[in-house]
Enquirer: 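Let me give you the structure first, and then I'll get to my questions.
For reference, positions follow the sequence shown, starting with 1. What you see is a predicted model; the values in this text were computed from it and never measured.
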Amino acid sequence: MRRILSILLENEPGSLSRIVGLFSQRAYNIDSLTVGTTADHTLSRITITTHGDDRVVEQITKQVNKLVDVLKIIDLTEVPHIERELLLVKVFAKDEATRAAVTRIADVFQGSIIDMGKQSYTLQLLSNAERLEAFLDMLRHESDIIELVRSGAVGIGRGDKALKG
């Protein structure tokens, strides 16, 4: 099962390395990893997507909590949350029919064309992972993908509760 872990930790050199090292030492795969400072620049927030059953995620959570720099960890998949990921994709758009089809797909998914070349379009879409996959499936039917980059998921709990130090 796909899991999204949100970790609040001190913004210190080596903090990220210790988190990633913990995953690799225990042979847990990280599907995506995003990191950034919070409103308090002494703290960072890491969002990790991984796969595992409840036992594996519980073990990961306990191990991460033992690290000195870590203030809090939460499994966002267990609480109501908002998740977003940024996708940038460059596709061939060599003729009018392909350009029109790609533009329609971008419109339907509320994406945008952010660059145009002589034979290519670069599109951006901000959404959850499932919607990004659906967008890519539609694009693949209409054009060839030249290049693709994804940011990895970021997430935040819904409502008034917050992950604070």
Side-chain angles (χ1 to χ4, degrees), residues 1-91 106 109-115 120-137 139-140 145-165:
M1 177 177 169
R2 180 174 177 263
R3 305 305 277 265
I4 304 169
L5 303 176
S6 187
I7 305 165
L8 188 66
L9 71 159
E10 294 175 13
N11 187 9
E12 297 290 330
S15 296
L16 175 61
S17 176
R18 285 187 279 284
I19 299 281
V20 172
L22 184 144
F23 274 76
S24 68
Q25 289 169 358
R26 287 156 183 80
Y28 299 133
N29 190 43
I30 295 174
D31 296 330
S32 74
L33 173 76
T34 57
V35 184
T37 57
T38 64
D40 176 352
H41 291 288
T42 65
L43 301 176
S44 289
R45 186 166 179 156
I46 299 175
T47 306
I48 296 175
T49 58
T50 188
H51 278 80
D53 59 25
D54 290 340
R55 185 189 59 76
V56 168
V57 173
E58 182 180 347
Q59 185 179 10
I60 290 171
T61 302
K62 286 179 180 177
Q63 294 295 318
V64 168
N65 261 325
K66 289 181 183 178
L67 296 174
V68 175
D69 299 343
V70 173
L71 302 176
K72 284 190 178 181
I73 179 171
I74 186 170
D75 182 354
L76 285 175
T77 48
E78 293 184 347
V79 298
H81 69 280
I82 300 165
E83 170 191 343
R84 293 294 181 263
E85 184 176 343
L86 173 65
L87 168 75
L88 300 175
V89 59
K90 187 180 295 186
V91 297
F109 282 87
Q110 297 174 331
S112 56
I113 299 168
I114 58 172
D115 189 47
S120 68
Y121 277 177
T122 301
L123 302 107
Q124 112 181 331
L125 182 64
L126 179 68
S127 193
N128 62 35
E130 290 123 16
R131 190 165 168 88
L132 295 183
E133 288 301 326
F135 178 68
L136 289 171
D137 286 345
L139 280 177
R140 286 183 183 108
I145 293 175
I146 301 168
E147 189 175 5
L148 178 136
V149 63
R150 293 172 80 156
S151 66
V154 293
I156 192 166
R158 291 177 88 67
D160 297 333
K161 292 189 178 181
L163 185 64
K164 291 185 177 178

Enquirer: Where the side chain of Thr47 meets the backbone of Ser6, is there a donor-acceptor pair that is under 3.5 Å apart?
Expert: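 No, the answer is negative, given that no donor and acceptor are paired below the 3.5 Å cut-off.
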Enquirer: Are any of the side-chain heavy atoms of Leu5 and Asp75 separated by less than 4.5 Å?
Expert: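 Of all side-chain heavy-atom pairs linking Asp75 with Leu5, at least one is under 4.5 Å.
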Enquirer: What pair of heavy atoms forms the shortest contact from Val57 to Gly52, and how long is it?
Expert: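 Result for this residue pair: CG2-O, 4.0 Å.
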Enquirer: Count the heavy atoms belonging to other residues, nucleotides or ligands that lie under 6.0 Å from CD of Gln124, then report whether that count exceeds 12.
Expert: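 Counting neighbours around CD of Gln124, more than 12 heavy atoms of other residues, nucleotides or ligands fall under 6.0 Å, so yes.
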Enquirer: Could you give the side-chain donor-acceptor pairs of residues 20-27 under 3.5 Å, partners two or more places apart or in another chain?
Expert:
from, atom 1, to, atom 2, distance (Å)
Ser24, OG, Gly21, O, 3.1
Arg26, NH1, Leu22, O, 3.4
Arg26, NH2, Gln63, OE1, 2.9

Enquirer: Determine yes or no for a side-chain-to-main-chain donor-acceptor pair under 3.5 angstrom, with His81 supplying the side chain and Leu76 the backbone.
Expert: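 Yes, because the side chain of His81 sits within donor-acceptor range (under 3.5 Å) of the backbone of Leu76.
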Enquirer: Determine the minimum heavy-atom distance between Leu123 and Ala106, stating which atoms define it.
Expert: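 Between these two residues, the closest heavy atoms are CD2-CB, 3.5 Å.
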Enquirer: Would you sort out whether Ile145 and Arg140 count as a side chain to side chain contact (heavy atoms under 4.5 Å, CB included), showing the intermediate values?
Expert: CA-CA 7 Å; Ile145 293 175; Arg140 286 183 183 108; 3.7 Å; yes
Enquirer: Could you walk me through whether Asn11 and Leu43 pass side chain to side chain contact (heavy atoms under 4.5 Å, CB included), step by step?
Expert: CA-CA 5 Å; Asn11 187 9; Leu43 301 176; 5.6 Å; no
Enquirer: When rounded to the nearest 0.5 angstrom, what distance separates CG in Leu148 from OG1 in Thr122?
Expert: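 OG1 of Thr122 is found 11.0 Å from CG of Leu148.
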Enquirer: Enumerate the residue pairs fulfilling salt bridge (charged side-chain N to carboxylate O under 4.0 Å, His left out) with a member in residues 41-62, sequence neighbours excluded, ordered by first and then second residue.
Expert: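 Passing the test, one end in residues 41-62: Arg3-Asp54, Glu58-Lys62.
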Enquirer: With a 4.5 Å cut-off on side-chain heavy atoms, are Leu136 and Leu87 touching?
Expert: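 In short, these two side chains touch, coming nearer than 4.5 Å.
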Enquirer: Against Ile46, only a single residue in Thr34, Val154, Leu8, Val35 fulfils side chain to side chain contact (heavy atoms under 4.5 Å, CB included); can you say which?
Expert: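 Testing each of Thr34, Val154, Leu8, Val35 against Ile46, the sole residue satisfying side chain to side chain contact (heavy atoms under 4.5 Å, CB included) is Val35.
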Enquirer: Which heavy atom of Ile19 sits nearest a heavy atom of Ile7, and at what distance?
Expert: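 Nearest heavy atoms, Ile19 then Ile7: CG2-CD1, 4.1 Å.
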Enquirer: Indicate yes or no: at least one non-hydrogen side-chain atom of Leu9 is less than 4.5 angstrom from one of Leu71.
Expert: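 Of all side-chain heavy-atom pairs linking Leu71 with Leu9, none is under 4.5 Å.
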Enquirer: Closest approach of Asp69 and Ser15, non-hydrogen atoms and distance?
Expert: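 Taking Asp69 first and Ser15 second, the nearest heavy atoms are OD2-OG, 2.7 Å.
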Enquirer: Charged N to carboxylate O under 4.0 angstrom, Glu133 versus Arg150?
Expert: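 Between Arg150 and Glu133 there is a salt bridge, with a charged N closer than 4.0 Å to a carboxylate O.
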Enquirer: Any idea which heavy atoms bring Arg158 and Ile82 closest together, and the distance?
Expert: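 Closest approach of Arg158 to Ile82: NH1-CG1, 2.9 Å.
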Enquirer: For residues Thr38 and Ser44, report the shortest heavy-atom separation together with the two atoms involved.
Expert: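 Residues Thr38 and Ser44, closest heavy atoms: CG2-C, 4.0 Å.
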Enquirer: Check Arg2 with Glu83, please: is the shortest side-chain N to carboxylate O separation under 4.0 Å?
Expert: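 Arg2 and Glu83: salt-bridged.
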Enquirer: Could you tell me the separation between the CZ atom of Arg84 and the OG atom of Ser127, rounded to the nearest 0.5 Å?
Expert: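 If we round to the nearest 0.5 Å, Arg84:CZ and Ser127:OG are 5.5 Å apart.
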Enquirer: Under 3.5 Å, is there a donor-acceptor pair between the side chain of Ser32 and the main chain of Gly152?
Expert: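 Between the backbone of Gly152 and the side chain of Ser32 there is no qualifying donor-acceptor contact (under 3.5 Å).
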Enquirer: Between OG1 of Thr49 and CG of Leu33, what distance do you get to the nearest 0.5 Å?
Expert: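 Interatomic distance, Thr49 OG1 to Leu33 CG, rounded to 0.5 Å: 8.5 Å.
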Enquirer: Just jot down the ring pair (Phe, Tyr, Trp, His ring centres under 6.0 Å) partners of Tyr28, sequence neighbours excluded, or say none.
Expert: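 Tyr28 satisfies ring pair (Phe, Tyr, Trp, His ring centres under 6.0 Å) with no residue once adjacent residues are dropped.
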Enquirer: For the residue pair Phe135 and Val89, establish whether any side-chain heavy-atom pair is separated by less than 4.5 Å.
Expert: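 Of all side-chain heavy-atom pairs linking Val89 with Phe135, at least one is under 4.5 Å.
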